[in-house]
There are 2 protein chains.
Amino acid sequence: MNTTTRATLNDVAREAGVSLATVDRVLNKRPGVHARTVNRVADAVARLGYRPDPSAARLARPKPHRVCFVLPAGNNSFVAMLRDQVTDNLGWASDHRVTLEIAAVDVFDPAELAEGLRSTKGNFDTVVVVAHDHPLVRAAIDELVDAGMGVVTLVSDAPSSRRHRYVGIDNVAAGRTAATLMGRFLAGRPGEVGVVAGSLALRDHAERWFGFGQVMASEFLHLKVLPPLEGKDDSLRTEPLMRELLAAHPRLIGLYSLGAGNRGIAAALREADRARDVVFVAHELTPYARRELLSGTMDAVINQDAGHEVRSALRQALSRLTREPVLSDQERIRIDIYVKDNLP
Amino acid sequence: MNTTTRATLNDVAREAGVSLATVDRVLNKRPGVHARTVNRVADAVARLGYRPDPSAARLARPKPHRVCFVLPAGNNSFVAMLRDQVTDNLGWASDHRVTLEIAAVDVFDPAELAEGLRSTKGNFDTVVVVAHDHPLVRAAIDELVDAGMGVVTLVSDAPSSRRHRYVGIDNVAAGRTAATLMGRFLAGRPGEVGVVAGSLALRDHAERWFGFGQVMASEFLHLKVLPPLEGKDDSLRTEPLMRELLAAHPRLIGLYSLGAGNRGIAAALREADRARDVVFVAHELTPYARRELLSGTMDAVINQDAGHEVRSALRQALSRLTREPVLSDQERIRIDIYVKDNLP
DNA sequence: CTGTTAGCGCATTCAT
DNA sequence: ATGAATGCGCTAACAG
């Protein structure tokens, strides 16, 4: 079970018959080393099973890695949770010789996001961004990558950009999960199911809707899914929309809210006195959602753990810089299901 | 957002007007320092907001911390997952100057567990144990604690012992969660619900049963919960039990398996051709449970993440040794719910 | 009771 | 193209 004492850089140097500095050059792929020497060192590394000691590496590193979180501006609860998680990790970051900064941009404006991203160029080693799958944003991301920076997308991906990692959930699967819960909680009752999104132009929202529709159409044919409403993730807009929906659809027995703005939805449900009757499935376990789960207005919440996401983004950002390995198992972001009984 | 450059031990020494060694003595609570000096140093630490650099500390530490995992013997799938997770973390451990060892003992025999625990005394700094809430085991744990070792209970706790931490889920809440899923999936259908445990003498099993009963009795009065069967977590024993149960109860429409031995249960359900009809809720997302979820035999699985548990136990074990802070948020083990759509 | 000193393993000048 | 030397912040052995 024990690993015998690790080989050090010095061991490798001796084994390869070269000096410390040379080994360092080949390990960090710096130029100016003869090909023959490179091989010699590589062999020695392999023979000794050398792995750099991360503690020593950190200690010796003269300047910190700089990472910037580019997060949506505004007072959305989930975004607030992300922001809090970043500040909660300041100590950890400092222990690992990394400095953290947060920038806020308007997510619904791709040009501004792109601009915000570009402005980090040269000032950071890595940027972690809640992206938006839009040409301007993709271009900005690729520009940073070309400049040698690390780019990690968080929560919302830009898959066709050249970002190094995406940290977040599979939103299609999340939509499917919501559908399964909806269908099973409704257990055979026929009727209509409403869907409220923030904006279907947002890739994650579109994906959730897609997954939801997939399962509803194949497994719960007795339920009629209504066309999605778009409330811009804003309670002030979702509330009237929801009020109309309820008035127009007396047979509505289920509601899937795949974005934010849930306070408005809950308010309309209560006003119509249908909060208990309608099965309400939403996303993100905010303090507010927690209360609604306990009150019985919400029946299930699909969640992505903001803390886990921020830590994972940090670990992956670092691993690119230090080539420390990551345990892929630990970095997989789960699709959490919460009901009133398993709240953390 | 940035932390200014951290104060070092040397800064503290200078600020307090003493030497490095004295500061070290104070910080590590070693004896032989005048009370006045202790205060001087403490003040300097506070004034400078000093936090030790964990990398430097690890690098300088001459010998590794030794931690021993005392896990149940046998071929239970969940225990196999725990074991695998320990070996998966060997690299991490080595990076943190800790050595890992695994010992296997028979969980169902408290005397053997106690003996196994005692045998680690002096050979390890910390032991992580899947405990058993039994007087002999509690005594053995307390003995290790008295000897200055760290003790972390994993998955199964011994609450009245003096263990430093418990890493695992709230099993009462897990039972309640199972009941809510059962009740809602059954959605008003009246009938009987069976319960299969490993042994109600095991505290975690008893707690799950308790939580399950709580919710069933208060929220789903149309469902009749049958007395629990005990299958020793063994498919060879659960299968015949289950076969009898099905024969005796044609109105059985739900089954909660709160321990292991699920293969036997599924086999009996299939044999009686009632796998699709009975709502089957079980624990632990083993490779086997995964398949049954996809096949539709199992309807939901309550899980505790073995990887998360092992890493958390490790971090907490280390934090006691190095007094590095832990993010409590990160150490909370979630009660995961899996359906066929959100499988990792 | 308190101070001095020598590394831990690596990154990085500065020489050669 | 390669090597020697210095120091990161801390622990622990050794001197006073």
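Just so it is clear: chains get the letters A, B, ... in the order the sequence lines come, proteins before strands, and each one is counted from 1. All values derive from a computational prediction rather than experimental measurement.
Test Thr99(A), Asp125(A), Thr120(A) against Arg66(A) for side-chain hydrogen bond (donor to acceptor under 3.5 Å, both in side chains) and you get one pass: Asp125(A).
Remark on DNA chain C: of its neighbouring residues Pro54(A) and Gly32(B), the 5'-side contact belongs to Gly32(B), judged by nearest-heavy-atom nucleotide. Where Arg30(B) and Val33(A) meet DNA chain D, the nucleotide closest to each residue was compared, and Val33(A) sits on the side nearer the 5' end.
Heavy atoms of Thr37(A) sit under 4.0 angstrom from primed sugar atoms or phosphate atoms, though from no base atom. At the heavy-atom level, Arg36(A) lies nowhere under 4.0 Å from the strands shown. Nucleic acid contact class of Asp24(A) (heavy atoms, under 4.0 Å, all strands): base.
In this structure, of dG9(D), dA13(D), dT11(D), it is dA13(D) that holds the atom nearest to the side chain of Ala21(B). Side-chain proximity of Ala57(B) to the nucleotides dA11(C), dG3(D), dC10(D) is greatest for dC10(D). Of the listed nucleotides (dC10(D), dC10(C), dT11(D)), dC10(D) has the atom at the smallest distance from the side chain of Ala56(B). Among the nucleotides dC1(C), dA1(D), dG9(C), the one closest to the side chain of His34(A) is dA1(D). Side chain of Leu59(A), nearest nucleotide from dC8(D), dC10(C), dT4(C): dC8(D). Residue Arg25(B) has its side chain nearest to dG3(C) when only dG3(D), dC10(C), dG3(C) are considered.
A rotation axis mapping the C1' atoms of four pairs onto the next four is fitted at both ends of the helix from dC1(C)-dG16(D) to dT16(C)-dA1(D) over five pairs, and the angle between these axes is 40° to 10 degrees.
With a 4.5 Å cut-off on side-chain heavy atoms, Glu331(A) and Val167(A) do not count as touching. Two residues are said to be in side-chain contact when any heavy atoms from C-beta on lie closer than 4.5 Å; Val127(B) and Leu144(B) meet this criterion. Looking at Gln304(A) and Ile335(A), their side chains never come closer than 4.5 Å, going by heavy atoms from C-beta outward. With contacts defined as side-chain heavy-atom distances shorter than 4.5 Å, the pair Asp11(B)/Arg14(B) qualifies. Side-chain contact check for Thr126(B) versus Met149(B): every heavy-atom pair is 4.5 Å or farther apart.
Asp95(B) places its CG atom 11 Å from the P atom of dC10(C), with the value rounded to the nearest Å. Counting to the nearest Å, the P atom of dC14(C) and the CG atom of Leu20(A) are 18 Å from each other. The distance from atom CZ of Arg61(B) to atom P of dA6(C) is 23 Å, rounded to the nearest whole Å. For the pair Arg97(A) CZ and dT12(C) P, the interatomic distance rounds to 12 Å; values are reported in whole Å. The interatomic distance linking Asn28(B) (CG) with dG9(D) (C1') rounds to 13 Å, in whole Å. Between the NZ atom of Lys63(B) and the P atom of dT11(D) there is a distance of 15 Å, rounded to whole Å. For Leu9(B) and dT5(C), the CG to C1' distance is 15 Å, given to the nearest whole Å. Rounding to whole angstrom units, NZ of residue Lys29(B) and P of dT11(D) are separated by 13 Å.
Judged by distance alone, the side chain of Asp157(A) and the main-chain N or O of Tyr166(A) form no donor-acceptor pair under 3.5 Å. Of the possible polar contacts, none joining the Asp24(A) side chain to the Leu20(A) backbone as a donor-acceptor pair under 3.5 Å is found. Within the 3.5 Å criterion, the main-chain N or O of Glu309(B) finds no donor-acceptor partner in the side chain of Ser312(B). Between the side chain of His164(A) and the backbone N or O of Val151(A) there is at least one donor-acceptor pair closer than 3.5 Å.
Contact annotation: side chain of Arg58(B) to base of dG9(D), donor-acceptor pair absent below 3.5 Å. Looking at Arg51(B), its side chain has no donor and acceptor atom pair within 3.5 Å of the base of dG9(D).
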Determine, stepwise, if the pair Asp95(A) / Arg6(B) fulfils salt bridge (charged side-chain N to carboxylate O under 4.0 Å, His left out).
CA-CA 10 Å; Asp95(A) 285 352; Arg6(B) 309 164 61 125; 2.7 Å; yes
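For DNA chain D, the neighbouring residues in residues 40-50 of chain B, judged by any heavy atom under 4.0 Å, are Tyr50(B).
Residue Ser19(A) places at least one side-chain N or O closer than 4.0 Å to OP1 or OP2 of dG3(D). Taking 4.0 angstrom as the limit, Thr22(A) places none of its side-chain polar atoms (N or O) nearer than this to OP1 or OP2 of dT2(D).
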